[in-house]
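All chains are named by letter (A, B, ...) in the order of the sequence lines, taking the proteins before the strands, and each is independently numbered beginning at 1.
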Amino acid sequence: MSTLEIKDLHVSIETEQGVKEILKGVTLTVKTGETHAIMGPNGSGKSTLASTIAGHPRYTVTSGSITLDGEDVLAMSVDERARAGLFLAMQYPVEVPGVTMTNFLRTAKTAIDGKAPAIRTWTKEVKEAMAQLRIDADFAQRNVNEGFSGGEKKRVEILQLELFKPKFAILDETDSGLDVDALKVVSEGVNRAHAAGNMGTLLITHYTRILRYIKPEFVHVFVDGKIAEQGGPELADRLEEEGYDRYLAGAGSAVQA
Amino acid sequence: MTEVKEEKARIGAPSIAGFTEEGESLSPAPAAAGPLGGDASKSHSHGGGYGIPDSSRAGRLTSYRLADFPELKGTEEEWRFTPLRRLGGLHKDGLDGAAPGVAVDAPQQVRVETVGRDDSRIGSAGIPEDRVSANAWEHFAEATVITVPSGAQLEDRILVTMTGNGLAAAAQHVVLIAEADARAVVVLNHQGQAVVSENVEIVVGDRAELTVVSLQEWSDDSVHLSSQQVKVGRDAKVKHVAISLGGSVVRLTPTVRFAQPGGEAEIFGLYFADAGQHLEHRTFVDHAQPNCVSNVLYKGALQGKDARTVWVGDVLIQKQAEGTDSYEKNQNLVLTDGCRADSVPNLEIETGLIEGAGHASATGRFDDEHLFYLMARGIPEDVARRLVVRGFLNEIIQKIGVPAIEEHLTEAVERELDAGDN
């Protein structure tokens, strides 16, 4: 049983107009076996939270803490966080020139486990995982994400999630840009990883669509860098009906127009 | 005929004198004559000659004589990227320094000779195409001629080691001949310390298969300008691989000319420029004959302040070269700030009756987002960087087909990466 604990997190970024605070005090605890959905309108800070947990250099933590089983995540480098068991499925996975998927997956697995996977079982495991996610076998020989469509990139993110077996998965708008079939395939992948029983999930999404396939126990609504409301799955249903307008109106936003 | 003209006029096609449906009607280039004859050079000096635009590669001045080439200003199209001040005088002075020592390790069937300037085989593959090459042609004292006899199928590579021993400007001349039906691999290994202008003539006989690997691993203060001209016979195959790693300034100009129909050329290059290095490669494929195939692929990595690379790829498909299939591509990977990679593909096509003619160029950065992606999967920074560079350059290394060289290069790339970590 592991615990990912975020306490009163404040995060800012550098912009051309100066330093801008994006997260204004976020507190959240995720435990093994739990699925938390983080929902909210664009620009509310959902993706910032995801990138900050993974350690993207663009985001500066000004106060607060993130711990994994009591260990200070903020003191870790990006690769150390991944080796500690954090996995970020990215919203926009980059193309990495010159590195084949096969080579990349093996190198990452070796880094995460601290030893190289046994060749035969590993090759089989990769093949099976690719087949389940309906990823063509020839992708293994292609460079990481190079020339992949948006949907293919997302499947490859979930492929890594299934192969690397992290303690906590943070899915950053994995559903955006997916058609219904791809959404199902990707959701099944997440559910398989979850069913193995050793993972907690932080599911970041703008739409309720993916929640038909992945069932969260907890729903948190982000507005303007803070959690505006939290509850159970019924909160997601309500958002489906009402949208985010109610929160935006409350925040005095002019978006309504 | 009148009808055709009217049809063209009707659809608005402009009538341009000198053009046919297949393209521009150009007069054929003057035929080549003897190499060292005093007046012979004049007939080769056809820069911007009749019917050939100055910008065309076909109009490039060629001559055995230094005096035929104007002094370099650095603004000339083919010199505009080259730091003339760093050439150690190769473009203007008499090249009287001792040429790098030549050692040849070859199977028994191979003939290795050291010959004087008057040897008939000198000048058999090409005429100098620039001033530095002509300067070397005027100044070389003796040449090394390596001949793979007709029909010989060599299992072992021929290793030619050129070892420089000083910075006095020198001239070097090498002739490689694969006679008809011969098959061989030649490695030109350039090492030591040198300031040298080199002409390498490569003659690939009918149906012969020749691989030439030119490896540049000079000392940090060396200057090496090398004109490597390949003449390809009927149905012959040539693979030319340029590997430039060491040297202050390295500028290679591999030219492949099809002398007979049916030839195939693979022209590969790999370079890795560190801080302050200038590595320049200018490939030229002259499709002067029908039904020939060429494929050019050059890949380079750059790291460190003022690391500089240049690739210019000229492909000329002449009017008579019907059935040509050609492709050229250059890719660069910029690893740090402060580097500059120039990449210029030039494609001239004088006939529409070809199989294919393509070119591509891409220069990318290994940037923070790549690094973040790989590190977010647990891969440490130094491993991530190596993973990318290794993978990128391996594509060329794997094409060489000589295991000993491939191994050597893999290690050399690792050393370059080690240097980048410091």
Looking at every non-hydrogen atom in both residues, tell me the closest pair between [X] and [Y] and how far apart they are.
| X | Y | answer |
| --- | --- | --- |
| A/V96 | B/H370 | CA-CD2, 4.0 Å |
| A/A82 | B/M375 | CB-O, 3.9 Å |
| A/M90 | B/A376 | CE-CB, 3.7 Å |
| A/D79 | B/I379 | CB-O, 3.6 Å |

key: Residue, of A/L88, A/T100, A/L86, that accumulates the most heavy atom pairs under 4.5 Å with chain B   =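 Most heavy-atom pairs within the cutoff with chain B belong to A/L88.
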ask   = Highest number of heavy-atom pairs under 4.5 Å with chain B: which of A/A111, A/A108, A/A54?
value =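 Between A/A111, A/A108, A/A54, the count favours A/A108.
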key: Engaged part of B/V389 at the chain A interface, taking heavy atoms whose separation is under 4.5 Å   =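 No part of B/V389 comes within 4.5 Å of chain A.
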Per-residue contact mode, [X] against chain B (heavy atom under 4.5 angstrom):
| X | answer |
| --- | --- |
| A/N145 | side chain |
| A/P93 | both |
| A/E80 | neither |

request  = Check side chain to side chain contact (heavy atoms under 4.5 Å, CB included) between B/Q277 and all other residues, then give those that pass, not counting sequence neighbours.
outcome  =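 Only B/A273, B/D274, B/L279 meet the side chain to side chain contact (heavy atoms under 4.5 Å, CB included) criterion with B/Q277.
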inquiry  = Take a 6.0 Å sphere around CD of A/E71 and say whether it holds more than 12 heavy atoms from other residues, nucleotides or ligands.
reply    =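 No, CD of A/E71 has 12 or fewer neighbouring heavy atoms, counting only those of other groups under 6.0 Å.
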